[in-house]
Amino acid sequence: MANTPDEQVVRTQLHGKVLLVTVDNPPVNALGAAVRRGLQEAMERAETDAAVAAVLIVGAGKSFIAGADIREFGLPPQPPLLTDVCKRIEASKKPVVAAIHGAALGGGLEVAIAAHYRIAVANAKLGLPEVLLGLLPGAGGTQRAPRLVGAAAALDIMLTGRHVGAAEALQLGLIDRLARSDDTLAEGLAYAQELLASNAGPRRSRDAAGLADVEASRAAIAAARAEQGKKARNLFSPHRIVDAVEAALDKPFDDALKFERTLFMQCLESPQRAGLIHAFFSERDVAKVPEAAAAEPRALKSIGVVGGGTMGAGIAVAALDAGLPVTMVERDDASIARGRANVEKVYDGLVAKGRMTAEAKAKVMARYTGSTDYAAFAEVDMVIEAVFEDIEVKKSVFQELDRVCKAGAVLATNTSYLDIDAIAASIARPQDVIGLHFFSPANIMKLLEIVVPAKVSADVVATAFALAKKLRKVPVRAGVCDGFIGNRILAVYRQAADHMMEDGASPYAIDAAVRNFGYPMGPFQVSDLAGGDIGWATRKRKSATRDPNARYVQVADRICERGWFGQKTGRGWYQYPQGARTGVEDPEVLAIVDAERQRAGITPRAFTEEEIMRRYMAAMVNEGAKVVAEGIALRPLDVDVTFLYGYGFPRFRGGPMAYADQVGLPKILDDIQTFAKEDPLFWQPAPLLVQLVAEGRNFASLNKS
Ligand code: 3H9
């Protein structure tokens, strides 16, 4: 049987009367131009070849089809459009079946629902996750999905972007049949033959009756619109999704498809799409580091944790959740009892909420061992130290680890700022020492800074990345410096915020501006959540080395001196009456700010939200550029991912460096130079930023390896 011209990516083969169309475009069968052409040609063949009575579409490899080729977005579109390919599939006079395994996402699911019948194997995951990329289903998905499953379910799928399992897909009516085996091809062929035997003709989703109850559909649309108005007020595409579903009720199918296309193009052209797709690729690219390419990870079957405080317990839970056995060591019986209790508390919370059974908890805890003897670490593959942030304390822990751990064990520290090179140099095996900077709560927060000291061997770095994958963390490679990538940059833009506060912006105005930019919280709210005492301790630690000429705003110290550490003390930058989680503005704090302004001889001036954000972002981007130039971050994208996953940076903006590219580096540099007129010491332009502007380049140009 002759193959189609796009034989590499779409193959056709006749099985009896069924034309098997196989999409084979590794790694995920994305619908690039060649695949679209291949599908189009396959449908042409199906129409014209009298030997063909039905069509079966399958995907080769791990997936059915994971969607449009995201790498094509932003490039000039190439025919045929996927929406036209889907129309053609649906219009076929011969029945078309999609047999689904693995991912059928985005355009992949749109192809499947343009087909006339669907069967899926148990591992299939179906979804329309375009919203997560700032898009909407643009190949008929907003029109066909509601007709198949109703407006409410379709809106839920499209607005969350969640993956729907095969069983649920059957229940919703997204598929027609659950396969009895994992053999997608055999199951699909059998289904197609059965349909032929029963003379089942084409059955088009455009004619399905999911929107027949107009009142219920309108109610679902109104509810979704109200919810998105609250939840997604900064976002563009969710609202367009709701508009598109409304058009499914109000316009004839073909007109609504055209409307969907118009909305899709608006989304495609929006900066949010660019930001979200940058985030998608960047969170995958962060794992592409030289050490992971150069070396194989060491065996990683068990974990040791030193310390059972909040951090140690969180790390233990993260490892237990990943199925690893965990040994925790504390200095005495009372401390290890507390450590175990801290671990159990997390699972007890889940049991109380009905999200875990008591038996499941017991099973997990069976993998946990507590001890007061370092010898318990003798056989573990990796130990993560999470004790008090004091270099001498850490060094003595590492002495113990050096004594008891087997050769080749990875020895990691969870320090957030101490000199890991010094810790490594204090023992006989510096090549095994690495930093693993988890963020609190460690079992929840996705970011893991993998801090690479000078002497560590490449396979230890590769092992740390393998650990991140096991724990489902997003790893970012960082170099050794005070604060690594995240906390170092944070310290600088926090200072910029403090300067603005002393110059006239209230902390509440700054928080509001930052929230309106898209953050869940402003910096003063974050400080209240984390505990003001933490920042206070850092400021005291740094006071000896602080440049005496550098501007230092004392408001935070005044607040801490009163014992106002934030939520945990009921008062910080905000007041938290009766243990409230949302703070209320505090006139006494404003009075302290006023007093400090007077002490510093500052006449307060007004700041608009835009001015606040320009300074805030300029400080962040400038320090980000320094961090990249010094090799603390490998690429600008590593800074972006750090802030997306550890600091609440709005994902739709792609990260601080991607945001800077969108604004334009000359504008950012110009702002910094203007601010430098007031405070040249603080606002020193990063040489890399100056260089990029001079060369007419952007940060993205440094992301390409
Ligand atoms: C869409 O469909 C729009 C339409 O409605 C309208 C059109 C008009 N394109 O994640 P992995 C790459 S929007 C290009 O590590 P996993 C990925 O970058 C799309 N490349 O594997 C990586 O490359 P590398 C809607 C893609 O097994 C490699 O494949 N669809 C695409 O952990 C492996 O990926 C989605 O949003 C793509 N669509 O997870 C689905 N997808 O090796 C997005 C992946 O160079 N994809 N790559 O780093 C996913 O959710 C996951 O990749 C998937 C596999 C679950 C499929």
Side-chain angles (χ1 to χ4, degrees), residues 9 23 25-36 39 59 61-75 77-87 89 100-114 123-145 154 157-158 160-165 237 240-241 244 257-258 260-270 272-274 276-289 292-293 465 468-470 472-475 637 641 651 703-705:
V9 291
V23 178
N25 185 27
V28 294
N29 297 332
L31 293 154
V35 174
R36 298 198 298 276
L39 283 171
K62 280 202 305 193
S63 276
F64 178 68
I65 300 170
D69 187 340
I70 302 170
R71 291 180 205 276
E72 284 184 358
F73 294 144
L75 305 174
Q78 283 187 54
L81 297 177
L82 187 60
T83 192
D84 294 334
V85 175
C86 288
K87 261 172 117 170
I89 292 171
I100 300 168
H101 74 296
L105 298 174
L109 183 58
E110 291 178 296
V111 167
I113 63 179
N123 83 353
K125 42 187 182 185
L126 298 85
L128 294 167
E130 285 88 344
V131 72
L132 306 176
L133 302 173
L135 292 168
L136 52 78
T142 65
Q143 304 305 305
R144 293 190 182 95
I157 292 169
M158 289 189 277
T160 60
R162 73 187 174 90
H163 293 174
V164 176
S237 79
R240 303 296 85 73
I241 288 173
L257 267 192
K258 282 191 195 122
E260 177 199 76
R261 176 78 191 159
T262 307
L263 297 178
F264 177 79
M265 290 310 291
Q266 287 174 9
C267 293
L268 194 64
E269 282 152 20
S270 81
Q272 296 197 353
R273 187 275 305 161
L276 288 164
I277 287 183
H278 171 74
F280 177 89
F281 286 121
S282 297
E283 69 199 12
R284 287 166 173 75
D285 287 347
V286 280
K288 294 171 190 160
V289 300
F465 276 88
K469 192 161 187 191
K470 272 199 169 122
R472 300 200 182 176
K473 300 283 180 208
V474 179
L637 69 84
V641 172
R651 187 177 170 90
N703 285 333
K704 301 187 179 87
S705 40

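The structure displayed is predicted, hence computed values, not measured ones. Counting starts at 1 for both ligands and their atoms, in listed order.
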*For atom 52 (O) of ligand 1, which protein heavy atom lies nearest, and how many Å away is it?*
R284 NH2, 4.0 Å

_Heavy atom of protein closer than 4.0 angstrom to atom 39 (O) of ligand 1_ = no

_For atom 6 (C) of ligand 1, the protein heavy atom that lies nearest, with its residue and separation_ = G138 N, 3.5 Å

_Heavy-atom pair with the smallest gap, counting every atom of R240 and L263_ = O-CD1, 3.5 Å

_Rounded at 0.5 Å granularity, tell me how far CG in L257 sits from OG1 in T262._
10.5 Å

*Does an N or O from A68, backbone or side chain, lie closer than 3.5 Å to an N or O of ligand 1?*
yes

*Does the pair K469 and F465 meet the rule for a side chain to side chain contact (heavy atoms under 4.5 Å, CB included), with working shown?*
CA-CA 6 Å; K469 192 161 187 191; F465 276 88; over 6 Å; no

*Find out whether R36 and P80 are in side-chain contact, i.e. whether some heavy atom of one side chain is under 4.5 Å from a heavy atom of the other.*
yes

*Which of the atoms of ligand 1 are close to A30, meaning less than 4.0 Å from one of its heavy atoms?*
9 (N)

*Identity and distance of the protein heavy atom lying nearest atom 23 (O) of ligand 1*: R71 NH2, 3.6 Å

*Which heavy-atom pair separates A30 from A68 by the least distance, and what is that distance?*
CB-O, 4.1 Å

*In terms of residue, atom name and distance, what is the protein heavy atom nearest to atom 26 (C) of ligand 1?*
V28 CG2, 3.9 Å

_On a heavy-atom basis, which atom in R651 and which in F280 lie closest, and how many Å separate them?_
NH2-N, 4.0 Å

_Residue pair I113 / R144: nearest heavy atoms and the distance that separates them_ = O-CD, 3.6 Å

*Find all atoms of ligand 1 within a distance of less than 4.0 Å from any non-hydrogen atom belonging to F281, and give their numbers and elements.*
18 (O)

*Report yes if some N/O of G107 lies less than 3.5 Å from some N/O of ligand 1; otherwise report no.*
yes

*Have a look at ligand 1 and work out which part of A66, if any, has a heavy atom under 4.0 Å from it: side chain, backbone, both or neither.*
both

*If you have a sec, work out which protein heavy atom is nearest atom 29 (O) of ligand 1 and how many Å separate them, to one decimal?*
P27 CG, 3.3 Å

*Can you sort out which atoms of ligand 1 are near G67, meaning under 4.0 Å from one of its heavy atoms?*
2 (O)

*V85 vs V111, side chain to side chain contact (heavy atoms under 4.5 Å, CB included): CA-CA, chis, key distance, verdict*: CA-CA 8 Å; V85 175; V111 167; 5.7 Å; no

*Is there a protein heavy atom less than 4.0 Å away from atom 21 (O) of ligand 1?*
no

*asked:* When you measure from the heavy atoms of S63 to every atom of ligand 1, does any distance fall below 4.0 Å?
replied: no

*Which one holds for T83 and ligand 1: side chain close, backbone close, both close, or neither close, with close meaning a heavy atom under 4.0 Å?*
neither

*Taking the side chain from T142 and the backbone from G138, do they hold a donor-acceptor pair closer than 3.5 Å?*
no

*Could you tell me whether atom 32 (O) of ligand 1 has a protein heavy atom closer than 4.0 Å?*
no

*Quick one: does E110 get an N or O within less than 3.5 Å of an N or O on ligand 1?*
yes

_Just so I know, are the side chains of L31 and L39 near enough to count as touching, which here means a heavy-atom distance under 4.5 Å?_
yes

*Measure the distance from atom 53 (C) of ligand 1 to every protein heavy atom, then report the residue, atom name and distance (to 0.1 Å) of the closest one.*
L105 CD1, 4.7 Å

_To check your reading of the model: name the closest protein heavy atom to atom 14 (C) of ligand 1, its residue, and the distance in Å._
D69 OD1, 3.2 Å

*Give the residue, atom name and distance (to 0.1 Å) of the protein heavy atom nearest atom 27 (O) of ligand 1.*
K62 NZ, 3.8 Å

*Trace of the side chain to side chain contact (heavy atoms under 4.5 Å, CB included) decision for N29 with F64*: CA-CA 7 Å; N29 297 332; F64 178 68; over 6 Å; no

Listing, residues 129-136 side-chain donor-acceptor contacts under 3.5 Å, not counting sequence neighbours, or none:
none

*Should E72 be listed as contacting ligand 1, given a heavy-atom distance under 4.0 Å as the test?*
no

*Touching ligand 1 at all, G141? Heavy atoms, strictly under 4.0 Å?*
no

*Could you list the atoms of ligand 1 found under 4.0 angstrom from a heavy atom of P137?*
5 (O)

*Give the atoms of ligand 1, by number and element, whose distance to some non-hydrogen atom of G106 is under 4.0 Å.*
2 (O), 25 (C)

*To which of L31, I70, V111 does the heavy atom nearest atom 9 (N) of ligand 1 belong?*
I70

*asked:* So for ligand 1, is E130 a polar contact partner (N or O within less than 3.5 Å, distance only)?
replied: yes

*Enumerated ligand 1 atoms positioned under 4.0 Å from heavy atoms of P129*: 30 (N), 35 (C), 36 (O)

*Check whether any N or O atom of F280, backbone or side chain, sits under 3.5 Å from an N or O atom of ligand 1, and answer yes or no.*
no

*Could you tell me whether a side-chain N or O of E110 sits under 3.5 Å from a main-chain N or O of C86, the two making a donor and an acceptor?*
no

*Who's closest to atom 48 (O) of ligand 1 heavy-atom-wise, of K125, E283, K288?*
K288

*Answer yes or no: does an N/O atom from F264 fall short of 3.5 Å to an N/O atom of ligand 1?*
no

*Can you tell if the side chain of N25 reaches within under 4.5 Å of the side chain of I65, non-hydrogen atoms only?*
no

*For the student: nearest non-hydrogen atoms of A33 and Q78, plus distance*: CB-OE1, 3.8 Å

*asked:* I'd like to know if the side chain of H101 and the backbone of G61 have a donor-acceptor N/O pair within less than 3.5 Å.
replied: yes

*Please report the closest heavy-atom contact between I100 and G102, naming both atoms and the distance.*
CG2-O, 4.3 Å

